[in-house]
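Heads up: the structure comes next, in structure tokens.
Residue numbers start at 1 and run along the sequence shown.
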Amino acid sequence: MISFQNLSIPFKLKEKTKIKLWIKTIIDKEKHTLGTINYMFCNDDELLEINIKHLNHNTLTDIITFDYTEDKKISSDIFISVDRVLENAKKFEVTFEEELRRVMIHGVLHLCGYKDKSKPDAELMRKKENWALKLF
């Protein structure tokens with residue numbers, strides 16, 4: 001099951017059904033199964049508070065993924081700052097929707113085991129994001 005919720009912001013996700021099918025397809029192609037993924041959309045202040053409280057990071061970020069995956073059954077709460085996504089879309093000269101999908105699938109790819117802390121890992125993550133975006 002995949003759900004979408006807003007914390008305290010007025011945000012309406014477009015193409016919910018298509019996004020759910022796309023995410024499930026990526027999970028299947030990565031040889032995992034779908035458990036429960038809850039996407040929570042919030043603003044910078046809310047995500048910063050979560051980042052400080054749970055990760056001891058006092059920095060803005062676009063996504064925080066809490067991983068509850070067991071074996072290969074993907075389950076997570078994924079928090080996304082709509083403010084960050086909007087700013088990054090402008091910075092990278094892409095549409096808001098494209099940047100949002102990239103961030104959403106980035107969290108899923110982490111749940112499938114991909115990392116992004118080293119340069120080679122980050123390059124592989126970006127390649128997997130691009131591959132996934134083409135399947136949307």
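- Atom CG of Leu111 sits about 5.0 Å away from atom CD1 of Ile78, to the nearest 0.5 Å.
- In this structure, the separation between OG1 on Thr65 and CE on Met104 is 11.0 Å, given to the nearest 0.5 Å.
- Within the 4.5 Å cutoff, the side chain of Asp28 has heavy atoms near those of the Lys24 side chain.
- In this model, no donor atom of one side chain and acceptor atom of the other lie less than 3.5 Å apart for Asn43 and Asp83.
- Judged by distance alone, with hydrogens and angles left aside, the side-chain atoms of Asp67 form a donor-acceptor pair with the main-chain N or O of Thr69 at under 3.5 Å.
- Side-chain contact between Val108 and Ile27: present, with at least one pair of heavy atoms (C-beta onward) separated by less than 4.5 Å.
- Residues Val82 and Ile9 are in side-chain contact: their nearest non-hydrogen atoms beyond the backbone lie under 4.5 Å apart.
- Between atom SG of residue Cys42 and atom CD1 of residue Ile80 there is a gap of 8.5 Å, rounded to the nearest 0.5 Å.
- Here Lys16 contributes atom NZ and Leu21 contributes atom CG; the two are 16.0 Å apart, rounded to the nearest 0.5 Å.
- Partners of Ser118 by side chain to side chain contact (heavy atoms under 4.5 Å, CB included), not counting sequence neighbours, listed by chain and number: Pro120, Asp121.
- Looking at residues two or more places apart in sequence or on another chain, you find no side-chain hydrogen bond (donor to acceptor under 3.5 Å, both in side chains) involving Glu49.
- For Lys29, the side chain to side chain contact (heavy atoms under 4.5 Å, CB included) criterion is met by Thr25, Trp131, Leu135, not counting sequence neighbours.
- Phe96 places none of its side-chain heavy atoms less than 4.5 Å from the side chain of Lys90.
- Applying the side-chain hydrogen bond (donor to acceptor under 3.5 Å, both in side chains) rule to Asp44 yields the partners Ser81, Arg84; only residues at least two apart in sequence or on another chain are considered.
- Between Ser75 and Gly35, the shortest heavy-atom contact is OG-CA, 3.6 Å.
- Cluster annotation: Val103 is not connected to Val94 through the hydrophobic network of ILVMFWY side chains, with a link wherever side-chain heavy atoms come within less than 4.5 Å.
- One distance of note links CD of Glu87 with CZ of Phe92; it measures 10.0 Å at 0.5 Å rounding.
- For Asn51 (side chain) and Thr59 (main-chain N/O), a donor-acceptor pair under 3.5 Å exists by modelled atom type.
- Residues Leu13 and Ile26 share a single hydrophobic cluster, defined by chaining ILVMFWY side chains whose heavy atoms lie under 4.5 Å apart.
- Seen from the ring of Phe136, Lys18 counts as a face-on cation partner, given the 6.0 Å and 45° thresholds.
- Closest heavy-atom contact between Cys112 and His32: O-CE1, 3.6 Å.
- Distance check: Leu34 CG to Lys72 NZ gives 15.0 Å after rounding to the nearest 0.5 Å.
- The other members of the hydrophobic cluster of Leu7, by chain and number, are Met40, Leu47, Ile50, Leu55, Ile64, Phe66, Tyr68, Phe79 (side-chain heavy atoms under 4.5 Å, ILVMFWY only).
- Qualifying side-chain hydrogen bond (donor to acceptor under 3.5 Å, both in side chains) partners for Glu30, counting only residues two or more places apart in sequence or in other chains: Tyr114, Lys128.
- With hydrogens and angles left out, the side-chain atoms of Arg102 and Asn130 include a donor and acceptor closer than 3.5 Å.
- Between Trp22 and Ala132, the closest heavy-atom pair is NE1-O, 2.7 Å.
- The side-chain hydrogen bond (donor to acceptor under 3.5 Å, both in side chains) test applied to Lys117 returns no partner, not counting sequence neighbours.
- For the side chain to side chain contact (heavy atoms under 4.5 Å, CB included) test, residues two or more places apart in sequence or in another chain that qualify with His106 are Ile63, His110, Asp116, Met125, Glu129.
- Here the closest heavy-atom approach between residue Leu133 and residue Glu98 is recorded as CD2-O, 4.2 Å.
- With sequence neighbours excluded, the residues satisfying side chain to side chain contact (heavy atoms under 4.5 Å, CB included) with Leu48 are Ile52, Asn58, Leu60.
- With Asp62 contributing its side chain and Val85 its backbone, the two residues share no donor-acceptor pair below 3.5 Å.
- When each of Thr36, Ile23, Ile19 is tested with Ile2 by the rule side chain to side chain contact (heavy atoms under 4.5 Å, CB included), just one qualifies, namely Ile23.
- In terms of the salt bridge (charged side-chain N to carboxylate O under 4.0 Å, His left out) criterion, residue partners of Lys14 (sequence neighbours excluded) are, by chain and number, Glu97.
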